[in-house]
Amino acid sequence: MIVFADAIISWQKRHGRHDLPWQNTSDPYAIWVSEIMLQQTQVGAVIGYYGKFMQRFPNIHILASATQEDVLQQWSGLGYYSRARNLYSAAQKIMDSFHGRFPNDFDDILSLPGIGRSTAAAISTFAFNQPMPILDGNVKRVFARYFLIEGWPSLPNIEKSMWQIAVRENPVGLNKAENAVAYTQGLMDLGATVCTRSQPKCHICPIKKNCQAHLKNQTNLLPTPKPRKTLPERNTTMLIYMNANEVMLEKRASKGIWGGLWSFPEVDSAPINGEILPKFTHTFTHFKLHIEPVLIKSSHQDNMPNTLWITLDEAIESAIPTPVRNILQSLNSKN
DNA sequence: GACTCGTGGCG
DNA sequence: TCGCCAAGAGT
């Protein structure tokens, strides 16, 4: 109730995070970019990308007038590339449908591609001081423990009840708007720095007195982990066509894994005319990919569709996924 | 409701 | 070393 929110708010003001690169601003564009980058991605992994992205695309207009290739290049290595494609697509929509100004209406924000309920709420709160409830991984963990909610939090019925709690606890009363930022930020700060998944710092937690998991000594059992199946494994052979100083890259389909990025042509098994490079494994969230790179010396420039020849140095700076970057860098260090 | 979609840090 | 999962959204 009020007690919960007040405890979070006062704790955040004293002990929360106040100096992240996307804080201390009300620019909806800056906040939007940060919220997209932070989806399923930890703060430490985002900070470097965020600075470069904002330098390259300082506002909506510049982002919208760039190419998707430019945007994917800045996103290269961060993962979940549909976020970058949707960010770019949303920028176009803001130009076309909202006169180039980021909308402040919640439903308008929610209508933008790549923005779901929680991200829309975070933008609404941080950029426009309109308190709307969020429900991210941090909040789910805090709620699961504080209210002793069993079951994997992303199960639809569990998540639904957590949204109800998020709405109920969200401070929307009179004169609460000024604390909306502190409450929303505080929930995430608490989950990220105190109510962590392993070894939570309950001794410094501002709400431990009423935390059901803490009182019943079940903190280490909550939240209920996701039911895991064994990861499926796949194999692929990447063909690295290379002449004196250039490699051939192939643009991947716009959807699916690494959509819209540049990679190597893939086949099921190695051809006999190549030099087999060391195999390695790249692990995704939902499968393992065993990659066998094969180097093929090619004096002529094969004219395959959706391909280009590019120097090693330029290739490394392109919109490529991480395993491709690793391969290119190993080739570069050889030469 | 289940699946897809990246990468890196951590115990 | 390896399983887990993080400021989720789209299909």
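Chain naming here is simple, since letters A, B, ... match the order of the sequence lines and numbering starts at 1 in each.
Place Gln199(A) and Ile257(A) on DNA chain B by their nearest nucleotides, and Ile257(A) ends up nearer the 5' end. Residues Arg197(A) and Thr285(A) both approach DNA chain B. Their nearest nucleotides, taken by heavy-atom distance, put Thr285(A) toward the 5′ side. When each of Asp189(A) and Gly114(A) is assigned the nucleotide of DNA chain C with its nearest heavy atom, Asp189(A) is the one assigned upstream, toward the 5' end. Judged by closest nucleotide on DNA chain C, Lys226(A) is the one of Leu135(A) and Lys226(A) placed further toward the 5' end.
Ring to ring, Phe280(A) and His282(A) are not that close: their centroids are 6.0 angstrom or more apart. Aromatic rings from Phe98(A) and Phe102(A) are positioned such that their centres are separated by 6.0 Å or more.
Contact annotation: His286(A) side-chain N/O to dC5(B) OP1/OP2 distance is under 4.0 Å. At least one side-chain nitrogen or oxygen of His282(A) sits closer than 4.0 Å to the OP1 or OP2 atom of dT7(B). Put simply, Arg141(A) has a side-chain N or O that comes within less than 4.0 Å of OP1 or OP2 on dA6(C). Close to dT7(B), at under 4.0 Å from its OP1 or OP2, lies a side-chain N or O of Trp258(A). OP1 or OP2 of dG8(C) has not a single side-chain nitrogen or oxygen of Gln39(A) nearer than 4.0 Å. Regarding contacts with the backbone of dG10(C), every side-chain N or O of Tyr80(A) stays at 4.0 angstrom or more from both OP1 and OP2. Considering only side-chain N and O atoms, Lys288(A) lies under 4.0 angstrom from the phosphate OP1 or OP2 of dG3(C). An OP1 or OP2 oxygen of dC3(B) is reached within less than 4.0 angstrom by a side-chain nitrogen or oxygen of Lys229(A).
Taking the P atoms as reference points, dA9(C) lies 24 Å from dG9(B), given to the whole Å. Spacing of P atoms, dG11(B) relative to dA7(C), comes out at 15 Å, to the nearest Å. On the P atoms, dC3(B) is 16 Å away from dC4(C), given to the nearest whole Å.
Salt bridge status for Glu159(A) with Lys140(A): present, with a side-chain N to carboxylate O gap under 4.0 Å.
Judged by distance alone with a 3.5 Å cut-off, no donor-acceptor contact links the side chain of Thr322(A) to the base of dG8(B).
Between dA7(C), dC4(C), dT7(B), one nucleotide has an atom nearer to the side chain of Arg228(A) than all others, and that is dC4(C). Picking from dA7(C), dT7(B), dA9(C) the nucleotide with the shortest atom distance to the side chain of Ser118(A) gives dA9(C). Across dG8(B), dC5(B), dT7(B), the shortest atom-to-atom separation from the side chain of Pro321(A) is found for dT7(B).
When all heavy atoms of Ile316(A) and Ile320(A) are compared, the pair lying nearest together is O-CD1, 3.8 Å. Minimum interatomic distance between Asn217(A) and Asn220(A) (heavy atoms only, all atoms of both residues): O-OD1, 4.2 Å.
In this structure, Gln42(A) places its CD atom 13 Å from C1' of dG6(B), rounding to the nearest Å. For the pair Met132(A) CE and dA7(C) C1', the interatomic distance rounds to 17 Å; values are reported in whole Å. Atom P of nucleotide dG8(C) and atom CZ of Arg83(A) are separated by 9 Å, given to the nearest angstrom. Across the protein-nucleic acid pair, Trp152(A) atom CH2 and dA6(C) atom P stand 10 Å apart, rounded to whole Å.
A continuous path of ILVMFWY side-chain contacts below 4.5 Å connects Ile62(A) to Tyr50(A), so both sit in one hydrophobic cluster.
As a member of the Ile/Leu/Val/Met/Phe/Trp/Tyr network built from side-chain separations under 4.5 Å, Phe106(A) groups with Leu110(A), Met132(A).
Side chains of Thr281(A) and Glu233(A) form no contact here, defined as non-hydrogen atoms less than 4.5 Å apart.
Contacts of Gly191(A) with the nucleic acid, taken as non-hydrogen atoms under 4.0 Å apart, are absent.
Within residues 17-38 of chain A, the residues having any heavy atom under 4.0 Å from DNA chain C are, by residue number, Arg17(A), Leu20(A), Trp22(A), Glu35(A), Leu38(A).
In this structure, Lys208(A) NZ and His203(A) NE2 are separated by 9.0 Å, a value rounded to the nearest 0.5 Å.
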